Amino acid sequence: AEQVDPDPTKKTLVVLGTGWGSVSLLKNLDTENYNVVVVSPRNFFLFTPLLPSCTTGTIEHRSIMEPIRNILRHKKASVKFYEAECTKIDYEKRVVYAKDDSDVKGDTMSTEIPFDMLVVGVGAENATFGIPGVREHACFLKEVGDAQKIRKQIMDCVETATFKDQSPEEVKRLLHMVVVGGGPTGVEFAGELQDFFQEDLLKWVPQIKDDFHVTLVEALPNVLPMFSKQLIEYTESSFKEEHIDIRTKTMVKNVTDKYIEAEVNKPDGTKEIEKIPYGLLVWATGNALRSVVKDLMSQIPAQAKARRGLEVNEYLVVNGAENIWAVGDCAVANYAPTAQVAAQEGAFLARLFNTMAKTDAIEAELQELSAKQATANPDDRKVILAEISERQKQLRRVKQIGPFSYSHQGSLAYIGAEKAVADVSWFSGNIASGGTMTYLFWKSAYLSMCFSTRNRVLVLFDWVKAKFFGRDVSRE
Ligand code: FAD
Ligand code: NAD
């Protein structure tokens with residue numbers, strides 16, 4: 001759409017973030033009804049389900065990124081996008097503060113953006129639970145930059161381990177790949193990494209055969225707590241076959257540059273602190289609140305008891321703030337923090353906002369009609385009253401939008417060695433499956449869920465490329 005100035009007769013809708021929640025809202029929103037402003041430090045949407053595949057080069061990261069400009073240019077009315085981070089939301093003043101933190105510095109680096117309506121879709125941060133050393137020494141797996149860093153570090157470990165005169169002990173440490181967190185992120189990454197080793201690294205660097213080792217560390221008694229018992233067992237036995245070590249009941253307490261210290265719960269009930277040396281450490285222990293969200297919560301008395309995120313009602317309105325909505329990982333609506341939930345919430349808000357705009361238009365017309373009928377002659381009045389009743393009926397129909405309800409399509413995760421696990425809802429029943437067929441299902445499901453045809457083609461090419469030529473082991 002061509003660039004046009006904001007229309008003073010329309011409300012300003014500010015959307016924070018370009019992740020699953022916000023982009024799903026933008027995709028479905030009739031942007032003609034509002035002056036829409038999007039603020040996000042990331043000028044692209046990222047298809048997170050395939051991010052673990054980028055850490056080993058099975059997929060190139062650009063194949064799962066979709067520029068936000070590309071998404072917005074297809075909208076009917078212009079939408080403004082600012083690549084900036086929202087540093088503060090002032091709820092009373094109805095403004096957000098945005099800071100441009102890019103490498104290229106302009107004269108203006110920060111500004112205020114007023115809003116009539118605000119959607120918070122800023123996602124979450126990586127949880128570290130204040131454990132010392134995590135931020136300094138571990139890699140996370142949330143953003144494109146994280147995957148690139150991991151990819152580089154895997155090769156760095158391999159090249160350094162094979163340096164002339166490296167001691168056997170140091171070789172073992174450098175080739176020990178430790179993953180902390182047995183949620184789906186940790187499990188998928190461990191699987192991808194072992195694949196990389198089996199399918200490519202062994203071919204190119206055979207001397208690391210006996211020393212390259214992947215260990216998954218989990219505090220709870222089992223991995224993948226959101227999956228059914230049968231699939232947990234399947235994953236654990238499949239990891240065993242692939243020679244990935246799972247260390248359950250092992251809670252990391254401290255991280256240094258060369259080893260982690262973990263508290264191990266032993267079968268006899270005693271606890272022991274163990275030092276585990278590593279070359280690469282990937283930290284995937286779930287979500288924590290972003291500071292901008294924490295700050296907003298502190299401004300709203302109704303959020304005083306909220307802990308895990310912005311508490312919202314069944315219409316996704318932030319409790320205690322009638323003109324602010326929240327979607328995705330930063331909102332607490334009794335659902336898991338997943339892409340599936342965020343996308344459905346975003347689509348729901350789009351429907352709600354499209355409806356609200358229609359309602360406003362009908363209400364304005366109704367007001368005009370009732371003013372007209374007050375001064376009209378009896379014949380005209382009859383016609384106007386009929387029209388009013390028609391409009392009122394229309395209004396009631398439009399207003400009938402029910403609250404948000406989440407429809408769970410199932411859980412799906414890749415576990416390496418061309419196997420996947422799936423708990424899928426099928427009509428009224430549930431199907432739990434694991435194995436190679438599930439892997440093909442996983443592949444086709446994720447391919448079909450990719451944002452655009454362009455993404456789909458790129459991912460497909462990457463898969464074919466990796467299959468025929470192997471993954472690229474050059475370190476960038
Ligand atoms: P995000 O998608 O994280 O987006 C947040 C957006 O806000 C980003 O654009 C960010 O740049 C922006 N932002 C951050 N701070 C600010 C700020 N201060 N101001 C403005 N903007 C800001 N879920 C599934 O359902 N299935 C899967 O297979 C799956 N796989 C995953 C794999 C990985 C490796 C990871 C990390 C997650 C996975 N998830 C999966 C979870 C899923 O990605 C999240 O639940 C989902 O991204 C949440 O969407 P969101 O819109 O809340 O946040
Ligand atoms: P998670 O919260 O699902 O799992 C984190 C795990 O880390 C937990 O099992 C926890 O017990 C463990 N942990 C925490 N502290 C620890 C410590 N100090 N030492 C050892 N273990 C520790 O986190 P995630 O895997 O990053 O997933 C985040 C969200 O994204 C979840 O809602 C998940 O469902 C979703 N996700 C889904 C998929 C998928 O569906 N395929 C993939 C990735 C992420």
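Computed from a prediction, not measured in an experiment: that's the story for all the values here. Ligands are counted one by one from 1 in listed order, and the atoms in each one are counted from 1 as well.
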Has [X] got a side-chain atom pairing as donor or acceptor with [Y]'s backbone, closer than 3.5 angstrom?
X    : Y    : result
N323 : M117 : no
N354 : N28  : yes
E218 : T248 : no

Those atoms of ligand 1 less than 4.0 Å from some heavy atom in [X]:
X    : answer
G121 : 5 (C), 6 (C), 7 (O)
V39  : 20 (C), 21 (N)
G328 : 52 (O)

Side chain, backbone, both or neither: the part of [X] lying under 4.0 Å from ligand 2 by heavy atom:
X    : answer
V180 : side chain
W442 : neither
A284 : backbone
Y414 : neither
T250 : backbone

Option with minimal heavy-atom separation from [atom], where the choices are [options]:
atom                    : options                : value
atom 22 (C) of ligand 1 : S40, G286, S291, P41   : P41
atom 25 (O) of ligand 2 : V341, T185, L224       : T185
atom 3 (O) of ligand 2  : G286, G182, P184       : P184
atom 15 (N) of ligand 1 : E85, E125, R290, E83   : R290
atom 14 (C) of ligand 2 : T128, N222, V252, T285 : T285
atom 51 (O) of ligand 1 : S53, G17, G21, S22     : G21

Could you identify the single nearest non-hydrogen protein atom to [atom] and state the distance to 0.1 Å?
atom                    : answer
atom 36 (C) of ligand 1 : L141 O, 3.3 Å
atom 1 (P) of ligand 1  : G19 CA, 3.9 Å
atom 31 (C) of ligand 1 : T48 O, 3.9 Å
atom 25 (O) of ligand 1 : A339 N, 3.0 Å

Mark yes when over 12 heavy atoms from residues, nucleotides or ligands other than D268 sit less than 6.0 Å from its CG; otherwise mark no.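 Result for CG/D268: enclosed.
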
[X]-ligand 2 polar pair, N/O distance under 3.5 Å:
X    : result
A219 : yes
L412 : yes
M251 : no

One thing to verify: whether E322 and R94 come together as a salt bridge, which I'm taking to mean a side-chain N less than 4.0 angstrom from a carboxylate O.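 Looking at E322 together with R94, the answer is yes, because their closest N to O distance falls below 4.0 Å.
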
Compute the minimum heavy-atom distance from Y446 to ligand 2 and say whether it is under 4.0 Å.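 Y446: in contact with ligand 2 (<4.0 Å).
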
S63 and D462 side chains, donor-acceptor separation under 3.5 Å: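 Indeed, the side chains of D462 and S63 share at least one donor-acceptor pair under 3.5 Å.
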
Do S238 and E242 have a side chain donor and acceptor closer than 3.5 Å?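 There is such a pair between these side chains.
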
Taking side-chain hydrogen bond (donor to acceptor under 3.5 Å, both in side chains) as the test, write out the residues that go with T56, two or more places apart.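 T56 satisfies side-chain hydrogen bond (donor to acceptor under 3.5 Å, both in side chains) with T58 once adjacent residues are dropped.
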
For ligand 1, does Y446 get within less than 4.0 Å through its side chain, its backbone, both, or neither, judged by non-hydrogen atoms?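 Side chain only.
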
Quick check, are the ring centers of W20 and F47 under 6.0 angstrom apart?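 Between W20 and F47, the centre distance is under 6.0 Å.
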
Taking the six-membered ring for Trp and the single ring otherwise, decide whether the centroids of Y439 and Y414 are under 6.0 Å apart.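 Centroid distance Y439-Y414: below 6.0 Å, so yes.
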
